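Step one of this worksheet: look at the structure below.
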Amino acid sequence: MAEGKIIQGPIIHCVDPYSLTVIQNGFVIVDDEGKATNNTRSTARFQIAAVGDAADLHTAKKKFNFAREDLITLGKTQLLLPGLIDTHIHAPQYPNAGLGYDKPLLEWLDNYTYKLEKQYRDQELCKRVFDAVVRKTLDHGTTTACYFGSLFRDSTLVLASSVTRYGQRAFVGKINMTKLAPEDYIETAEKSIEDTLEFVKEVKDIGNPLIQPIITPRFALSVDMELMKKLGAIAKEQNLHIQTHISENKDEVKMVRELYDNKSYADVYNEANLLTPKTVLAHGIYLSEDEMNLLSKTGTSISHCPESNVNLGSGICDVRKLKNHGITLGLGTDVAGGASPSIITAMRSAISASTNLSFADENSKPLTYIDVFYLATLGGAKALALDDQIGNFQVGKSFDAIIVDLDVKSSVAPEVGVCGR
Ligand code: GUN
Ligand code: FE
């Protein structure tokens with residue numbers, strides 16, 4: 001007979017996009033063996049069997065007839081929230097977090113980022129940094145992260161091991177990059193494909209249902225159309241997710257137009273079949289109407305990375321405009337463009353960025369705390385096409401949650417505990 005857990009206390013989550021559901025005294029019943037409902041896509045050992053108001057707990061419990069059940073009652077200062085989702089983070093860049101914000105994107109890449117990333121031939125460095133990134137993001141409540149690794153297959157595999165070791169849910173991508181970077185930090189197109197195929201296989205062979213490989217061309221300036229098309233074909237054949245950057249910086253956008261016969265950034269990716277419902281693009285600050293409509297039509301998501309956009313002087317992304325075009329959005333830290341590995345900081349930055357935008361444009365309305373809570377949870381899950389598994393406490397989904405303790409007397413910062421692993 002199945003065993004279960006009951007968590008009782010205040011619950012906050014988004015049942016619907018951009019709206020908040022608060023259950024002052026609620027419960028979640030978790031089936032430890034994942035058999036309570038027949039959600040076949042759930043990777044959960046821990047599956048949500050029921051959710052409701054504590055007044056109905058007794059009746060709800062009877063349905064399951066667990067052989068044994070643990071009751072976890074939250075303390076007066078504790079809240080149960082869905083695990084936070086970082087839809088865009090560069091694990092190898094973590095040592096540079098907070099450094100080098102005196103240069104805009106393209107110079108920042110040349111002066112700081114590639115110089116750091118190319119050091120990840122060193123396996124010891126990989127292990128040390130990747131373990132630290134995974135532990136740090138989990139400490140900040142990130143139960144799911146979409147990672148850029150490095151150019152190197154074996155190094156990015158170390159990241160997959162770190163993620164497995166600490167039980168985070170993640171997408172992990174080996175970067176594809178054949179040009180516009182130092183000679184000792186690029187690859188040939190043949191090697192790029194060979195290593196990508198091998199990497200995808202190796203990640204699948206780990207056999208961890210929480211990790212998936214993701215196709216990761218760095219951005220349109222790092223690869224050419226032929227390679228992007230091959231990567232698009234691999235993603236299609238193997239039904240893989242795709243991540244890259246789009247329209248982050250004005251000089252970058254101009255260079256893309258120059259390099260690709262005056263095509264728009266989104267058209268370039270579309271020609272390569274890289275825009276899919278399983279694609280997440282970081283930034284999207286300078287997208288045209290046509291580009292926004294194309295992303296919406298193809299079901300492509302945007303990872304909004306507000307802290308990075310300010311640090312690199314990239315610009316302010318008009319999140320409401322993207323939302324109004326029907327684009328799915330999540331939040332990203334974009335470490336090390338972003339200095340903080342915390343999605344809670346990204347939530348604050350998203351509010352500040354949109355507030356600043358509203359000073360310059362009286363028609364623009366700042367994002368609310370509800371909007372950013374949505375982006376950090378259910379929005380992120382939708383952006384990563386994982387919303388049938390995580391993002392809120394809907395019956396049949398994985399129990400992927402954090403407990404936030406607001407007791408400022410007993411800790412310096414709100415404590416975050418990760419559960420459901
Ligand atoms: N565009 C291409 N590579 C990068 C990167 O590493 N960080 C950011 N923020 N933008 C990029
Ligand atoms: Fe990035």
Side-chain angles (χ1 to χ4, degrees), residues 86-120 129 133 137 145-152 155-156 159 171-182 185-187 214-224 227-228 242-256 259 265 268-269 274 279-286 301-317 330-341 343 346 349 353 383-384:
D86 188 342
T87 57
H88 184 76
I89 174 167
H90 298 258
Q93 294 177 18
Y94 185 47
N96 271 358
L99 302 176
Y101 301 140
D102 57 336
K103 299 221 174 349
L105 176 68
L106 300 175
E107 291 167 51
W108 172 81
L109 287 169
D110 287 338
N111 283 279
Y112 304 111
T113 309
Y114 298 147
K115 285 180 180 163
L116 171 62
E117 285 189 17
K118 71 184 189 185
Q119 294 175 38
Y120 286 85
V129 173
V133 172
T137 51
C146 190
Y147 286 111
F148 267 61
S150 74
L151 182 77
F152 312 121
S155 142
T156 309
L159 174 56
F171 291 95
V172 180
K174 182 213 105 61
I175 288 177
N176 305 98
M177 181 161 62
T178 55
K179 57 182 186 168
L180 284 176
Y185 193 53
I186 50 174
E187 58 193 351
I214 180 166
I215 297 299
T216 308
R218 180 166 212 131
F219 64 157
L221 299 181
S222 305
V223 282
D224 61 19
L227 178 55
M228 281 193 284
I242 299 169
Q243 63 180 347
T244 184
H245 297 87
I246 194 167
S247 208
E248 174 178 5
N249 164 295
K250 285 183 181 165
D251 291 336
E252 170 211 16
V253 172
K254 197 162 149 251
M255 274 180 79
V256 169
L259 264 172
Y265 215 141
V268 169
Y269 286 149
L274 292 175
T279 300
V280 59
L281 304 174
H283 310 294
I285 303 177
Y286 299 106
S301 306
I302 290 283
S303 172
H304 174 46
C305 305
E307 203 203 340
S308 165
N309 294 162
V310 171
N311 289 344
L312 299 182
S314 302
I316 301 183
C317 181
L331 281 181
T333 57
D334 195 23
V335 164
S340 169
I343 280 294
S349 297
L384 297 178

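In listed order, ligands and their atoms are each counted from 1. For the single chain, residues carry numbers from 1 onward in sequence order. Model, not experiment: these values are computed from the prediction.
- If you check the side chains of D102 and Y112, you find a donor sitting under 3.5 Å from an acceptor.
- The part of Q93 lying near ligand 1 is the side chain, judged by heavy-atom distances below 4.0 Å.
- Near H90, meaning under 4.0 Å from one of its heavy atoms, ligand 1 places the atoms 5 (C), 6 (O), 7 (N).
- Proximity of E248 to S314: side-chain heavy atoms (C-beta onward) are separated by under 4.5 Å at one or more points.
- Among all protein heavy atoms, the one lying closest to atom 9 (N) of ligand 1 is D334 OD2, 2.7 Å.
- For atom 10 (N) of ligand 1, the nearest protein heavy atom (residue, atom name, distance) is E248 OE1, 2.7 Å.
- Rounded to 10°, the angle formed at the Fe ion (ligand 2) by D334 OD1 and H88 NE2 is 90°.
- For ligand 1, the atoms lying closer than 4.0 Å to a non-hydrogen atom of L105 are 8 (C), 10 (N), 11 (C).
- In terms of protein heavy-atom proximity, atom 3 (N) of ligand 1 is closest to R218 NE, 2.8 Å.
- Side-chain atoms of H283 and D334 form a donor-acceptor pair, as typed in the model, at a separation below 3.5 Å.
- The residue L221 has no part lying near ligand 1, judged by heavy-atom distances below 4.0 Å.
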| Stepwise salt bridge (Lys or Arg N to Asp or Glu O under 4.0 Å) check, R218 with E117 | CA-CA 13 Å; R218 180 166 212 131; E117 285 189 17; 2.9 Å; yes
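- Within the coordination shell of the Fe ion (ligand 2), defined by N, O or S atoms under 2.8 Å, E248 is absent.
- Using 4.0 Å as the threshold, H283 has a heavy atom nearer than that to some atom of ligand 1.
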| task | Verify ring pair (Phe, Tyr, Trp, His ring centres under 6.0 Å) between Y269 and F219, making sure each step is shown before the conclusion. | result | CA-CA 9 Å; Y269 286 149; F219 64 157; 9.1 Å; no
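- Ring geometry for H90 against H245 counts as parallel: the plane angle stays under 30°, on a 0 to 90° scale with 60° as the upper cut.
- Seen from the Fe ion (ligand 2), atom NE2 on H245 and atom NE2 on H90 lie at an angle near 100° (rounded to 10 degrees).
- For the ligand labelled ligand 1, residue W108 lies inside the 4.0 Å heavy-atom shell.
- Between L159 and V129 there is no side-chain heavy-atom pair separated by less than 4.5 Å.
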| said: What verdict does the side chain to side chain donor-acceptor pair (under 3.5 Å) test give for Q243 and Y147, after you've listed the backbone C-alpha separation in whole Å, the side-chain angles of each residue and the deciding distance to 0.1 Å? | reply: CA-CA 9 Å; Q243 63 180 347; Y147 286 111; over 6 Å; no
